[in-house]
Peer 1: 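Structure below; questions to follow.
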Protein chains: 2
Amino acid sequence: MQFSLVSRAVPSRPSKPVLGNVLVRADTDTQRVTLVGFDETLGIQTTFAAQVEESGSLTLPAKLLGDIVSRLPNEEIDITQDEDEPVVTLACSAGRYQIRGLSAEDYPKLPDVTTGEAIQISANALVEGLRGALFATSSDETKQVLTGVHLTADDESLEFAATDGHRLAVVHTVDESGSPAGDAAMNVTIPGKALRELERVLQNYSSNEPVAFKLDTTQVVFDLGDQRITTRLLEGQYPNYRQLIPKQFERQLTVDRKQLTSSLERIAVMADQRNNIVKLSISPETQSLALSVEAQEVGSGFETLPAQITGESLDIAFNVRYLLEGLKALPSSEIQIQCNSATSPSVLTPLGGTKITYLVMPVQIRS
Amino acid sequence: MQFSLVSRAVPSRPSKPVLGNVLVRADTDTQRVTLVGFDETLGIQTTFAAQVEESGSLTLPAKLLGDIVSRLPNEEIDITQDEDEPVVTLACSAGRYQIRGLSAEDYPKLPDVTTGEAIQISANALVEGLRGALFATSSDETKQVLTGVHLTADDESLEFAATDGHRLAVVHTVDESGSPAGDAAMNVTIPGKALRELERVLQNYSSNEPVAFKLDTTQVVFDLGDQRITTRLLEGQYPNYRQLIPKQFERQLTVDRKQLTSSLERIAVMADQRNNIVKLSISPETQSLALSVEAQEVGSGFETLPAQITGESLDIAFNVRYLLEGLKALPSSEIQIQCNSATSPSVLTPLGGTKITYLVMPVQIRS
């Protein structure tokens, strides 16, 4: 699994052959082995204890190596590097495998950040921030900064924001461990790809130690014990998203999150047949929310569920996928939907738990 | 799940729209609902009990219907057909869905076989035969009869054969229930696609009743209680495969099946990098079998395992995938490999269990 972790940073079409491999470094002093994968933007490094008899480094085709090692019987494996050639030999009771690599000399050094103080963030705050925001990034590579999550920090709190132009997720976490940003205020956009890897590593992060977070103007480095993730920052001005969030709302609904999710999942089956649009009809008189979908030539669907409603009745339509993705990211059992009109943004927030603001633009419908 | 079962016979590009739907038939007399999917070659039919208030039939987009129904709360669903239009309405506590279908009038009748006696085959014998032979069929549609399994039966036994031109699997099952073929001898080739569906249905077949099997010159029908599978037979002369199997062997090995499989799976990782070829070196002196792979520029692999060997030493090479697929289908803990020379076919057989003959052509190697 160590191999598969760093392999995720190995590019499928490397700009030079050595980047298609994983750097393997063994150190007699520390009795540890270090693996590095690097695509010149994202770097992943992991170290683990091993019985090292001679120091050395080499780059190897990681997937091949990992695929063989994962199939070997559960016993100690002896790995030896050839004297003259960039070749390693794996030996164990089952047999022996030779794998040709490339010299480590041409492998680029993983970027490090040496200036400034490391920022300490609790793993929990990071997990909450990523879970609540990452899904709303754009997957369109041409959208530049929108493919990342924008992080800002002040003395007490950390804010994660992501938007693809149609919806916006903002997570505000307070770090119990005190002053997350250290002395300096932070204001950076980190590529979604690197953060998805960070999220993956955090899933197996059992330590109570906070994650150390170092940045300069172009790079960020996350240190998680034996794992390290580095990435180039995204350049360019991040949209001033705070001004998009309405200050006041004329209508407000409270609904059960799971119930709304189940209903929308059924509605989505029908909506998928057409244009993914679901219409929400807010009825204060009956204190109910009706969901409906019209898929011409195919069929239609209609569901209602109870809601606590203040404000007047309204019909408003959304892309059902945006609603479902947002509902999945909200951590509470009840949620609030706030809106003004059928053409201005609505906001979904959890009742309790992490502070998340999920803004969705409605779509126009002919009635 | 009833929907997804019959949907497997619905073509993705139907020759006429109605075939893209599933036929739904409700019958007040039997209080049952029947579903049919049919691509004009393969047909799958299933029936289940339901409270039927009015008889009727209609064709409906099965995937859409199944996707909605599978997401509904676990309660009774009310399905009504419109008076004037080919539309059904699903209603339950959550809401209601309307789905447009097409008239059942244009849906073709599932072929039936009315001549001759039904042949009874125990589900076990069928499962064994399919497991041991189906994997060796050709997946190349232009290969005609080779995409199917050839079935022959006489008074006491049933033989399944499949070959793609590189390897051949023959399973000989004896039906404990007596005379499987009835009076007539059987000699047909059944499309692999239909047999894979039969295998799937058999996995959930809990009845002790034998499977009824009816055929004429162009069609076969399998009856499994509430499920029915029909298919057109493959036309054309099936190769005379029995003559391919050598009568005598100069060399014979007995090896542990799991151990050989594990070794070959590791070797396959390296062999996949190149041409999938593994070399077997048979050493009677050391009573061992060596497996080796050379993937130029990438690496090499070498394993040995104990074997009981009679005959002289030999180097012989195979496509590692063919060996692995065969080993997976053999039911015993030890297997026998029999061969004559590096250029003539080898035969793998289980020691005990179902009688399976798996013949593989070796590949030429420069030594």
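Atom set for the values below is all heavy atoms of this structure, side chains included, hydrogens, waters and symmetry mates excluded.
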Peer 1: Rounded to the nearest 0.5 Å, what's the gap from CZ on B:Arg96 to OG on A:Ser300? Could you check?
Peer 2: 7.5 Å

Peer 1: Using ring pair (Phe, Tyr, Trp, His ring centres under 6.0 Å) as the criterion, list what pairs up with A:Phe135, not counting sequence neighbours.
Peer 2: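 Partners of A:Phe135 by the ring pair (Phe, Tyr, Trp, His ring centres under 6.0 Å) criterion, ordered by chain and then number, come out as A:Tyr358.
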
Peer 1: Mind checking what makes ring pair (Phe, Tyr, Trp, His ring centres under 6.0 Å) contact with B:Tyr322, not counting sequence neighbours?
Peer 2: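 For B:Tyr322 the ring pair (Phe, Tyr, Trp, His ring centres under 6.0 Å) partners, ignoring immediate neighbours, are B:His166.
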
Peer 1: So does B:Glu312 have more than 12 non-hydrogen atoms from other groups sitting under 6.0 Å from CD?
Peer 2: no

Peer 1: Which atom names give the shortest non-hydrogen contact between A:Glu297 and B:Arg100, and what distance separates them?
Peer 2: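 Heavy atoms of A:Glu297 and B:Arg100 come nearest at O-CD, 3.3 Å.
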
Peer 1: Near B:Arg251 CZ, under 6.0 Å, is it more than 12 heavy atoms from other residues, nucleotides or ligands?
Peer 2: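 For B:Arg251, atom CZ is crowded (more than 12 foreign heavy atoms under 6.0 Å).
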
Peer 1: Within residues 256-277 of chain A, which residues come under 4.5 Å of chain B, heavy atom to heavy atom?
Peer 2: A:Ser263, A:Glu265, A:Arg266, A:Ile267, A:Val269, A:Met270, A:Gln273

Peer 1: Kindly check if the number of other-residue, nucleotide or ligand heavy atoms within 6.0 Å of CD (A:Glu285) is above 12?
Peer 2: yes

Peer 1: Count the heavy-atom pairs under 4.5 Å between each of A:Leu64, A:Ile99, A:Asp67 and chain B, then report the option with the highest count.
Peer 2: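 With the most close heavy-atom pairs to chain B, the winner is A:Leu64.
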
Peer 1: Could you please state which residues from residues 68-80 of chain B sit under 4.5 angstrom from chain A, measuring non-hydrogen atom to non-hydrogen atom, sorted by number, or 'none'?
Peer 2: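 If one takes a 4.5 Å heavy-atom cut-off, the residues of residues 68-80 of chain B near chain A are B:Ile68, B:Arg71, B:Leu72, B:Pro73.
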
Peer 1: Determine the option with the most heavy-atom pairs under 4.5 angstrom with chain B, choosing from A:Ser93, A:Ala295, A:Gly95.
Peer 2: A:Gly95

Peer 1: Passes side chain to side chain contact (heavy atoms under 4.5 Å, CB included), A:Phe302 versus B:Gln98? Steps please.
Peer 2: CA-CA 9 Å; A:Phe302 179 84; B:Gln98 290 202 309; over 6 Å; no

